[in-house]
Amino acid sequence: ATPEATSIPQNVTAVAGDGKVTLSWDEVSGAPKYRVQCNTGTAWTTVSYPTTNTYVDKGLTNGSTYKYRVLAYVDGAWTTASVVVTATPTV
């Protein structure tokens, strides 16, 4: 079964810092964990499975643009990915 569209993480934000990006999103009811994916070129790579609705991606290259999306784990399945947010770490 595919989770309801209402379970897709909403209001995803990416705030760039020095060599890092801080991601946050609205908590999804009934989701014990999330999947954060990053894309720096053509492919999506899972970078973390946080259990809270925030994640800090560290060790990034300043001046490079990173794209992120978030999925929630609801009722034993991953939701559709959230909207894509971008951030460019800078000093």
query: Taking all atoms of both residues into account, what is the closest heavy-atom pair of P9 and S82, and its distance?
result: O-CB, 3.4 Å

- prompt: Is the shortest heavy-atom distance from the side chain of W25 to the side chain of N11 under 4.5 Å?
  reply: no

query: What distance do Y68 atom OH and T86 atom OG1 have between them, rounded to the nearest 0.5 Å?
result: 10.5 Å

Check: Y34 and V28 side chains under 4.5 Å, non-hydrogen atoms: yes

message: Going by the rule side-chain contact (heavy atoms from CB on, under 4.5 Å), which residues pair with T54 if we only count those two or more places apart in sequence or in a different chain?
response: S24, T52

- prompt: Say you draw a straight line from CG of D75 to OH of Y73; how long is it, rounded to the nearest 0.5 Å?
  reply: 9.5 Å

task: Before giving the answer on side chain to side chain contact (heavy atoms under 4.5 Å, CB included), spell out for Y66 and T61 the whole-Å C-alpha distance, their side-chain angles and the decisive distance to 0.1 Å.
output: CA-CA 9 Å; Y66 295 83; T61 303; 3.6 Å; yes

message: When you group the ILVMFWY residues by side-chain heavy-atom contacts below 4.5 Å and let the links chain together, are V36 and W44 in the same group?
response: no

field: D57 side chain vs K20 backbone, donor-acceptor pair below 3.5 Å
entry: no

task: Mind checking the CD-OG spacing from Q37 to S48? Nearest 0.5 Å is all I need.
output: 11.5 Å

task: Determine the minimum heavy-atom distance between V74 and A31, stating which atoms define it.
output: CG2-CB, 4.0 Å

task: In sequence, state the C-alpha distance, the side-chain angles, and the governing distance for V47 and C38, and then conclude on side chain to side chain contact (heavy atoms under 4.5 Å, CB included).
output: CA-CA 7 Å; V47 291; C38 180; 3.8 Å; yes

statement: Output for pair (R69 CZ, R35 CZ), nearest 0.5 Å, gives 8.0 Å

query: Do we see a donor-acceptor contact under 3.5 Å between the side chains of T79 and S7?
result: no

task: Verify the neighbour count for atom NZ of K33: are there more than 12 heavy atoms of other residues, nucleotides or ligands below 6.0 Å?
output: yes

message: On a heavy-atom basis, which atom in N39 and which in T42 lie closest, and how many Å separate them?
response: OD1-N, 3.5 Å

Any side-chain donor near an acceptor of the partner, N62 and D18, under 3.5 Å: yes

statement: Interatomic distance, CG@L60 vs OG1@T88, rounded to 0.5 Å, equals 10.5 Å

query: So V15 and V21, side chain to side chain contact (heavy atoms under 4.5 Å, CB included) or not? Walk me through it.
result: CA-CA 6 Å; V15 178; V21 172; over 6 Å; no

